[in-house]
Amino acid sequence: MRILGGILLGSMLLSTGSAFAEDDASELKALKTRLRQLEQKMEGQSRKEEARAARESARQNTQMAAKAPVPFDPCASGKLCYKGVTFTFGGWVDLTGIYRSRNLASDTGSVYNFIPFPQSKNFNTDESRFSARQSRFSLLAEAEVFANTHVAGYGELDLEGAAQTANSVATNSFNPRLRQASIEIDRTDLGLHFLAGQSWSLNAPSKAGIDPRGVDAPGVIDFESVPGFLAARQPGIRVWQDFGPEFKLAVSAENAQTSFFGGNTPLVGTPAVGPQGVLNPNVLVNLTGPGGSFFNNANNVSLNHVPDFTVKGAWDPRLGPYKLHVEGWAMYRDF
């Protein structure tokens with residue numbers, strides 16, 4: 001009986017263990033199935049999120065493309081771009097210290113023919129000044145109006161103007177002065193350029209090519225530069241053509257501004273007085289008359305019979321690693 005009871009108890013234990021093992025396997029299988037379902041659900045949710053993000057990005061891009069362009073466009077550092085026009089600001093704030101062993105009663109420019117001789121009291125009087133009037137401000141505006149048409153406007157001011165109200169006593173209230181104001185049109189496909197306005201004279205030396213906005217000026221502090229340097233800035237028109245990358249040919253018509261030494265004081269007769277812009281009939285030599293409309297009548301005005309006509313060629317060849325600039329010009333002037 002005991003043997004039979006042990007056999008029955010063992011079979012019951014074996015049956016129960018087998019049942020537990022089957023239950024564990026079923027639960028594990030169910031868990032794996034549930035895990036795969038969750039993974040599939042997460043993958044589906046992720047794909048939906050990606051599709052939603054793609055649709056939102058496309059919608060935003062469409063809205064941005066449909067919007068009006070932002071007035072201030074991105075552009076190169078140091079420039080400002082507004083509605084397709086690029087602005088470049090330039091200039092500096094200057095303080096010049098001046099000392100002269102001979103008194104010229106002059107600011108930053110030394111007038112060489114006014115240097116006093118020993119018989120003058122100014123010969124033994126020295127002079128020292130500070131001046132900020134060589135401070136300069138400029139603006140260049142550029143735009144591509146057509147595929148091969150470039151337009152540029154340039155303006156430049158300094159503070160070297162001296163009206164009757166200007167003084168160096170208390171307020172130092174000196175006037176802004178026009179240096180340059182011009183419009184340039186460039187046809188890049190034709191190598192053709194046109195300029196109208198006030199710029200450096202075509203007779204002034206350039207550093208490279210034909211450059212109306214720049215000049216190869218001597219590196220000196222004195223505003224009068226050095227004798228022999230053509231420092232004229234004149235209103236006029238100019239056209240020039242590129243012949244390859246090295247040679248350019250230009251022609252210009254500029255204000256003549258013909259003046260004669262001696263001003264309004266004639267060798268014989270009385271100084272020029274009377275109606276503005278009218279030469280004194282007692283003047284026996286060709287001298288300039290006093291200023292008329294929109295001129296200062298305390299100044300003499302130049303005799304502009306006809307414009308100055310200038311033809312200039314500029315050649316910029318390369319000599320090995322060096323670049324050479326050669327230019328020559330001829331001018332027609334009628335006094």
Side-chain angles (χ1 to χ4, degrees), residues 73-92 136-156 179-220 225-226 228-255 307-333:
D73 307 320
C75 57
S77 176
K79 299 178 183 293
L80 175 66
C81 297
Y82 180 75
K83 293 185 177 180
V85 181
T86 301
F87 297 92
T88 305
F89 298 89
W92 58 80
R136 194 171 301 174
F137 308 96
S138 64
L139 174 62
L140 173 64
E142 302 173 278
E144 301 291 338
V145 294
F146 301 111
N148 298 303
T149 304
H150 177 83
V151 177
Y154 183 72
E156 185 179 78
R179 291 174 58 87
Q180 298 191 63
S182 64
I183 294 292
E184 181 179 334
I185 301 174
D186 304 307
R187 282 294 302 268
T188 55
D189 56 333
L190 303 175
L192 186 63
H193 313 269
F194 173 82
L195 178 135
Q198 180 166 309
S199 64
W200 286 101
S201 172
L202 186 58
N203 303 320
S206 300
K207 293 182 178 180
I210 303 293
D211 183 8
R213 296 192 291 268
V215 69
D216 190 9
V220 295
S225 193
V226 296
F229 172 64
L230 296 174
R233 291 182 298 273
Q234 305 282 34
I237 57 175
R238 179 183 312 184
V239 179
W240 67 100
Q241 175 73 51
D242 300 337
F243 294 92
E246 295 183 349
F247 186 75
K248 304 176 188 300
L249 185 64
V251 60
S252 71
E254 303 174 357
N255 244 12
D308 286 342
F309 295 97
T310 300
V311 177
K312 182 177 182 177
W315 184 39
D316 296 272
R318 282 198 170 274
L319 300 177
Y322 305 103
K323 191 171 183 179
L324 180 66
H325 175 73
V326 180
E327 61 181 54
W329 53 268
M331 182 178 69
Y332 170 79
R333 169 177 288 180

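Everything numeric in this text was worked out from a predicted model, so none of it was measured.
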Worked check of side chain to side chain contact (heavy atoms under 4.5 Å, CB included) between Thr149 and Glu144:
CA-CA 6 Å; Thr149 304; Glu144 301 291 338; over 6 Å; no
[X] versus [Y]: any side-chain heavy-atom pair under 4.5 Å?
{"X": "Asp216", "Y": "His325", "value": "no"}
{"X": "Gln198", "Y": "Tyr154", "value": "no"}
{"X": "Leu140", "Y": "Arg213", "value": "yes"}
{"X": "Leu202", "Y": "Val251", "value": "no"}
{"X": "Leu249", "Y": "Val311", "value": "yes"}
{"X": "His193", "Y": "Arg238", "value": "no"}

On a heavy-atom basis, which atom in [X] and which in [Y] lie closest, and how many Å separate them?
{"X": "Ser201", "Y": "Glu254", "answer": "OG-OE1, 2.8 Å"}
{"X": "Asp316", "Y": "Gly209", "answer": "OD2-N, 3.1 Å"}
{"X": "Ala253", "Y": "Phe309", "answer": "CB-CE2, 3.8 Å"}
{"X": "Pro205", "Y": "Val215", "answer": "O-CG2, 3.1 Å"}
{"X": "Ser199", "Y": "Leu195", "answer": "OG-CD2, 3.7 Å"}
{"X": "Trp200", "Y": "Ala232", "answer": "CE3-O, 3.5 Å"}

Measure the spacing between [atom1] of [X] and [atom2] of [Y] and express it to the nearest 0.5 Å.
{"X": "Phe243", "Y": "Lys248", "atom1": "CZ", "atom2": "NZ", "value": "10.5 Å"}
{"X": "Thr86", "Y": "Lys79", "atom1": "OG1", "atom2": "NZ", "value": "7.0 Å"}
{"X": "Glu142", "Y": "Thr88", "atom1": "CD", "atom2": "OG1", "value": "5.5 Å"}
{"X": "Glu246", "Y": "Leu324", "atom1": "CD", "atom2": "CG", "value": "10.0 Å"}
{"X": "Tyr332", "Y": "Thr310", "atom1": "OH", "atom2": "OG1", "value": "12.5 Å"}
{"X": "Phe194", "Y": "Glu184", "atom1": "CZ", "atom2": "CD", "value": "10.5 Å"}

Please confirm whether the backbone N or O of Leu190 pairs with a side-chain atom of Gln241, one donor and one acceptor, at under 3.5 Å?
yes
Answer yes or no: is there a donor N or O on one side and an acceptor on the other, between the side chain of Lys312 and the main chain of Ala204, under 3.5 Å?
yes
Given Phe229 and Val220, is the side chain to side chain contact (heavy atoms under 4.5 Å, CB included) satisfied, shown in steps?
CA-CA 12 Å; Phe229 172 64; Val220 295; over 6 Å; no
Run the numbers on Ser206 and Asp211 for side-chain hydrogen bond (donor to acceptor under 3.5 Å, both in side chains), then give the verdict.
CA-CA 6 Å; Ser206 300; Asp211 183 8; over 6 Å; no
